[in-house]
2 protein chains.
Amino acid sequence: MNYSIGNFAAITNLSVYTLRYYENEELIVPGRKANGQRYYSEADISWIQFIKRLKATGMPIKEIQKYAKLRSQGDLTMPQRMEILVKHRAILQARITDLQENFTKLDEKINYYKSKM
Amino acid sequence: MNYSIGNFAAITNLSVYTLRYYENEELIVPGRKANGQRYYSEADISWIQFIKRLKATGMPIKEIQKYAKLRSQGDLTMPQRMEILVKHRAILQARITDLQENFTKLDEKINYYKSKM
DNA sequence: TGTTGACTTCTAGTTAACTCTAGGTTGTAT
DNA sequence: ATACAACCTAGAGTTAACTAGAAGTCAACA
């Protein structure tokens, strides 16, 4: 089944603007019908979900772009892609740890001031 | 002890540009010498550390601004300030949970693909 | 047939949070 | 006295990631 950009936007919860922007940035390149209109596939849905996950964990568009480029070059680029993901995982782990520490400090401050009220 | 903007920048690890920007946004308002030059106090150091913590946990400048405004109005605004912090704590907790979930998913993906290599 | 409504491209505008430039003044060291 | 660094203001420029506008094409429906 193929989807128009409008339908695909509804499915993925992204705006059509954003989808065209992502295409411009070469994150996701849909097919084109004879009349020039874009169409997106089922596979594009899981791909966009993955892009959203990378974004949600703070990976910048430029980095996702690199990943997308490798992906479009086929299975042989798997090692490089894994390298990107493994590095990103480390960054993410560090960020979580950092946030947890800041959470604790903030929590302490709140409790301290609450005890004085 | 008072600090010039340059010294204060070195101490806080912020650029002088950023400090002037923060002043413009009314996050931190240093004193002024007779000749117009800014000076920062010891108390400003811990205040800026706190601002940095709020920033590090994703609080936008506009929100920090609200907090700073209340703070400048004295002790009576403590309850409102606590409210901001408690809300922020909740947001932060949710963000950490979300990141942890995404971390797990990413980790699973990496392990899955690594097992096939 | 005509008028929506969804699509197209290209380009400009927006927002956050800085970051820098220009042009000028002040403080310190030789 | 003269450099020279550090300070001042006002305003412009930057970057990321969208977001929107203008002008036009095309298919479907009353």
Side-chain angles (χ1 to χ4, degrees), chain A residues 1-41 44 47-69 88 91-92 95 102, chain B residues 1-41 44 47-69 88 91-92 95 102:
Chain A
M1 187 49 181
N2 289 333
Y3 305 99
S4 71
I5 193 167
N7 290 150
F8 194 68
I11 292 167
T12 59
N13 235 339
L14 293 172
S15 72
V16 296
Y17 300 128
T18 303
L19 287 170
R20 289 197 275 248
Y21 167 68
Y22 282 2
E23 180 177 355
N24 230 313
E25 298 296 312
E26 290 165 301
L27 303 192
I28 182 163
V29 183
R32 293 289 182 144
K33 295 195 290 186
N35 65 11
Q37 292 195 1
R38 293 162 177 84
Y39 64 89
Y40 294 84
S41 70
D44 287 332
W47 172 227
I48 212 93
Q49 302 305 357
F50 185 60
I51 288 175
K52 287 177 85 172
R53 165 149 297 133
L54 293 180
K55 272 199 56 57
T57 52
M59 186 185 284
I61 298 277
K62 296 286 173 225
E63 189 76 4
I64 303 178
Q65 194 178 81
K66 276 185 211 164
Y67 188 95
K69 192 168 187 174
H88 184 59
I91 290 168
L92 183 52
R95 264 222 1 265
N102 275 314
Chain B
M1 187 51 183
N2 289 331
Y3 305 100
S4 71
I5 192 168
N7 290 150
F8 193 68
I11 291 167
T12 59
N13 235 339
L14 293 172
S15 72
V16 295
Y17 301 129
T18 302
L19 288 170
R20 289 197 276 247
Y21 167 68
Y22 283 1
E23 181 177 354
N24 230 313
E25 298 297 312
E26 289 165 300
L27 303 193
I28 182 165
V29 182
R32 295 287 183 144
K33 295 195 288 187
N35 63 15
Q37 292 195 1
R38 295 164 177 84
Y39 63 89
Y40 294 84
S41 69
D44 287 332
W47 172 228
I48 212 94
Q49 302 304 357
F50 185 60
I51 289 175
K52 287 178 83 172
R53 167 149 297 134
L54 294 180
K55 273 200 57 57
T57 53
M59 186 184 284
I61 298 278
K62 295 285 173 227
E63 189 76 3
I64 303 177
Q65 195 177 83
K66 277 186 212 163
Y67 187 95
K69 192 167 187 173
H88 184 58
I91 290 168
L92 183 52
R95 263 221 2 265
N102 275 315

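No hydrogens, no waters, no symmetry mates; every other heavy atom, side chains included, goes into these values. Not measured: the values here are computed from a predicted model. The chains referred to below are lettered A, B, ... by the order of the sequence lines, with proteins before strands, and numbering in each begins at 1.
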message: The test is side-chain contact (heavy atoms from CB on, under 4.5 Å); show your working for B:Tyr40 and B:Thr12 and say whether it passes.
response: CA-CA 11 Å; B:Tyr40 294 84; B:Thr12 59; over 6 Å; no
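Taking NZ from B:Lys62 and CD from B:Gln65, the interatomic distance works out to 5.0 Å, rounded to the nearest 0.5 Å.
For the pair A:Tyr17 OH and C:dT9 C1', the interatomic distance rounds to 13 Å; values are reported in whole Å. Between A:Asn7 atom CG and C:dG5 atom C1' there is a gap of 13 Å when expressed in whole angstrom units. Atom CZ of B:Arg32 and atom P of C:dT25 are 17 Å apart (whole Å). Rounded to a whole Å, the CG atom of B:Leu14 is 14 Å from the P atom of C:dC20. Rounded to whole Å, the distance from CD1 on B:Ile51 to P on C:dA17 is 13 Å. One atom, CD of A:Gln37, and another, C1' of D:dA27, lie 8 Å apart when rounded to the nearest Å. The CD1 atom of B:Ile64 sits 8 Å away from the P atom of C:dA17 (whole-angstrom rounding).
Annotation for A:Glu25: atom CD counts as buried by contact number, over 12 foreign heavy atoms lying within 6.0 Å. Within 6.0 Å of CD in B:Glu26 there are 12 or fewer heavy atoms belonging to other residues, nucleotides or ligands.
Remark: A:Ser4 is in phosphate contact with C:dC7, judged by side-chain N or O atoms under 4.0 Å from OP1 or OP2. Contact between the side-chain N/O atoms of B:Thr18 and the OP1/OP2 oxygens of C:dA17 is not found at any separation under 4.0 Å.
For B:Ile5, the listed nucleotide lying nearest its side chain is D:dC7; candidates were D:dA17, D:dC7, D:dA27.
Across all strands, A:Lys55 comes closer than 4.0 Å only to sugar-phosphate atoms, never to a base (heavy-atom distances).
In this structure, A:Arg32 pairs ionically with A:Glu23, as a charged nitrogen and a carboxylate oxygen lie closer than 4.0 Å.
With a 4.5 Å cut-off on side-chain heavy atoms, A:Tyr3 and A:Met1 count as touching.
Only B:Tyr21, B:Tyr22, listed by number, bring a heavy atom of residues 19-31 of chain B to less than 4.0 angstrom from any atom of DNA chain C.
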